[in-house]
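These notes concern the structure reproduced below.
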Amino acid sequence: MENGHLKDNFKQGMDTLGDLYSLGDSSLYPIIDRLHFHLNEINLVQRVASTEQEFSSLRRLFNKEIDYLVSDFFREQPIGVKVDILNNLENPNLRTLDRLVATFPLAGDVCRLFSFQKNVCITITNNKFSFCGDVPLGLDFEALRLESYRLTRLFLDKNILFTFQVFETNSSDTFSIQFDFHMDGDDSPLLIHVKEDTVLSLSPVMKAFSRPLEDIEKIGEHNIFFINEDYKATPLDRLNLLNFIQDQNYHLFHFPFLFRPISLIIKRSIYGGTGAIDSGRLSSLSEENSLKVLPINLFEIFQK
């Protein structure tokens, strides 16, 4: 009922402004324009507040489902394992909530595979969720390799990049590992000018993996691929890597996939400057150069 009154009052206010315009006194126009702006702002705030209230029950249900899934993941873990959940979601849309609930069970398979110990911290944000905990050094990592490959591919099928980070602990028989699950979000895509008339459009999740050359040189032997003129991934050895990037006109990415880290190099056009294109500049560039935007699905490339 309250929302209905607000809508009626907003409509009546806008109608009144229309009546003032029709009087034809141009000296009032600046004041009327300001009133029009403020009425629209009030309406927007009311709509956002209403939407948040409408979905509050759904979010509570989501939180209960996440708690249930986490309990299910760790029910067979040793007694004493403590799990903390940091929910840092900010006004998530239904698509984000759905993807989180759908992919959490796969993350649970990863946790069971590596036998997390002691304290486990789970962090959830709009575009990523992470599991961090201690892992025993005595695990047979070679035996885990094939299953890790399988899980990585399952996440790729869902447009999620499953990566990891390793940290030292104070214990001589454990180390700390963090599994990160990067979701293909709703942000603007990453745009790279690769030819005078062509821009590559990459998933926004790629922005988190851009790295300088010196970082990649420290990694050691791993798979390195170059996106060639046909927009296919071509393997490179380290010697060719150095030859390729002498002019610094390349965009480099590194993906710390479990057991199979991958670096990716995309050559930039001299017309596109030294970095990625801001989406706000794309329309002006298109007008000047008749650019075509070519989407590249790296999730499919990583599957090969």
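None of these values were measured; they are calculated from a predicted model.
- Judged by distance alone, the side chain of T198 and the main-chain N or O of V194 form no donor-acceptor pair under 3.5 Å.
- A distance below 6.0 Å separates the ring centres of F179 and F116.
- Atom CG of residue L151 and atom CG of residue L113 lie 6.5 Å apart, to the nearest 0.5 angstrom.
- Within the 4.5 Å cutoff, no side-chain heavy atoms of F209 are placed close to those of L190.
- One finds the CG atom of L236 at 9.5 Å from the CG atom of L264 (value rounded to the nearest 0.5 Å).
- At least one donor-acceptor pair under 3.5 Å links the side chain of N126 to the backbone N or O of E90.
- Between D67 and K64 no salt bridge is recorded (no basic side-chain N to carboxylate O distance below 4.0 Å).
- Note that CD1 of I160 is 10.5 Å distant from NE2 of H182, once rounded to the nearest 0.5 Å.
- Taking the side chain as every heavy atom from C-beta outward, L298 and F253 never approach each other to under 4.5 Å.
- Here the CG atom belonging to L202 is positioned 10.0 Å from the CZ atom belonging to F299, to the nearest 0.5 angstrom.
- The structure places CZ of F162 at 10.0 Å from CG of L106, a figure rounded to the nearest 0.5 Å.
- Ring centroids of F131 and F104 are separated by less than 6.0 Å, placing the two rings close together.
- Judged by distance alone, with hydrogens and angles left aside, the side-chain atoms of R99 form a donor-acceptor pair with the main-chain N or O of K158 at under 3.5 Å.
- Of the inter-residue distances, the one linking D173 atom CG with L137 atom CG reads 6.5 Å to the nearest 0.5 angstrom.
- Within 6.0 Å of atom OH in Y68, 12 or fewer heavy atoms from other residues, nucleotides or ligands are found, so the atom counts as exposed in its surroundings.
- Counting only residues at least two apart or on different chains, the side-chain hydrogen bond (donor to acceptor under 3.5 Å, both in side chains) pairs with a member in residues 131-142 are E142-R145.
- Between D109 and E147, the closest side-chain pair of non-hydrogen atoms is not below 4.5 Å.
- Taking 4.5 Å as the limit, every side-chain heavy atom of Q165 sits out of range of all side-chain heavy atoms of P256.
- By the 4.5 Å heavy-atom criterion applied to side chains, L97 and L89 are counted as neighbours.
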